[in-house]
Amino acid sequence: MQSDSLLHVANFSTLFVCMVLKFPQIFVLMRAKSTSGVSLNSLLLELIGFIVFVTYQMYYDYPPPTYLEYPILIAQDVILLLLILHYNGSLRQSLIYALVFVGGWKLLTVEKWIIDLAMSLCTFISAASKFAQLQCLWRSKDGGQVSALSWAMATYTCMARIYTTTVTTGDTQVLVRFIVMTLLNMWVLLTVLYYQKHSGRSKKED
């Protein structure tokens, strides 16, 4: 009974957090009207990873509470993508991205081996998105437009999903993905906090 209660808390807290996870980042971009330190490549790779992951879970009829947050995250990432393209002056490219993502999503379920292969690569794709964000931060040395709160919430949701996956499906591929994502999200979070602190100190000195 206690285990069931903990599972419900983990599932619903993850869903709740994911409903607002990208909002801090969206608000930061809208306020700054700048994408400095925010990686477009990271966002695109994250979107690919989310689409593959939720499609895999639905294809194998996994319990909806274990992946219900992903359609919400995808919708928020789409808003972020449009904002980044808008502030970069390349909003027209959004149609191309839409066609590629929809076409790729349809392709995933054509054959069983395609979705299985995509899922086996999903962890690498999602990890690459985090490294792309880290690279962007290292290059710009500016975390001002990156929301530390969004990355903190992402870290929590992945930690919660390690537990829910362990006690429900026990899928090794999914479990490994969440462990890797937890560590990388934490790395990005610490990097953002470091550059924000460093930037704040530099402004005080000026």
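What you see is a predicted model; the values in this text were computed from it and never measured.
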Practice task
Would you check if there is a donor-acceptor pair between the side chains of Tyr194 and Lys141 at a distance under 3.5 Å?
Solution key: no
Practice task
Would you please name every residue forming a side chain to side chain donor-acceptor pair (under 3.5 Å) with Ser42, sequence neighbours left out?
Solution key: none
Problem - Lys22 vs Phe27 side-chain heavy atoms within contact, under 4.5 Å - result: no
Problem - Neighbour count >12 (heavy atoms, 6.0 Å) for atom CH2, Trp138 - result: yes
Exercise for the section: Check whether any side-chain heavy atom of Asp77 sits under 4.5 Å from a side-chain heavy atom of Glu46, and report yes or no. Expected result: yes
Handout entry: Any side-chain heavy-atom pair of Leu44 and Phe101 under 4.5 Å
Key = yes
Practice task
With sequence neighbours excluded, tell me which residues meet side chain to side chain donor-acceptor pair (under 3.5 Å) with Asn41.
Solution key: none
Fill in the blank from the handout: Rounded to the nearest 0.5 angstrom, the OG-NE2 distance for Ser13 and His8 is 12.5 Å
Handout entry: Check: Gln25 side chain, Ser147 main-chain N or O, donor-acceptor pair, under 3.5 Å
Key = yes
Exercise for the section: Taking the side chain as every heavy atom from C-beta outward, state whether Trp187 and Phe131 have any pair of such atoms under 4.5 Å apart. Expected result: yes
Practice task
Determine, using the 4.5 Å side-chain heavy-atom cutoff (strictly less than), whether Met153 and Phe23 are members of one ILVMFWY cluster.
Solution key: yes
Problem - Nearest heavy-atom neighbours spanning Leu189 and Ala148 - result: CD1-O, 3.3 Å
Exercise for the section: Grab the two heavy atoms, one from Ile84 and one from Leu40, that are nearest each other, plus how far apart they are. Expected result: CG2-CD1, 4.1 Å
Exercise for the section: Taking the side chain as every heavy atom from C-beta outward, state whether Tyr195 and Val146 have any pair of such atoms under 4.5 Å apart. Expected result: no
Problem - Whether over 12 other heavy atoms sit under 6.0 Å from Phe16 CZ - result: no
Handout entry: Name of the residue among Trp105, Tyr62, Tyr70 meeting ring pair (Phe, Tyr, Trp, His ring centres under 6.0 Å) with Phe53
Key = Tyr70
Problem - Main-chain N/O of Thr35 paired to Gln145 side chain as donor or acceptor, under 3.5 Å - result: no
Exercise for the section: Using a 4.5 Å cut-off on heavy atoms from C-beta on, say whether the side chain of Met119 contacts that of Tyr59. Expected result: no
Practice task
Please check if the side chain of Ser126 supplies one atom and the backbone of Thr123 the other of a donor-acceptor pair under 3.5 Å.
Solution key: no
Practice task
Indicate yes or no for a side-chain donor-acceptor contact from Gln196 to the backbone of Thr191 under 3.5 Å, with no hydrogens or angles considered.
Solution key: no
Practice task
Spell out, as yes or no, whether a donor-acceptor pair under 3.5 Å connects the side chain of Gln133 to the backbone of Gly37.
Solution key: yes
Handout entry: Chi angles and distances behind the side-chain hydrogen bond (donor to acceptor under 3.5 Å, both in side chains) call for Tyr163, Asn11
Key = CA-CA 10 Å; Tyr163 173 74; Asn11 277 328; over 6 Å; no
Exercise for the section: State whether the side chain of Asp171 and the backbone N or O of Gln173 hold a donor-acceptor pair below 3.5 Å, judged by distance alone. Expected result: yes
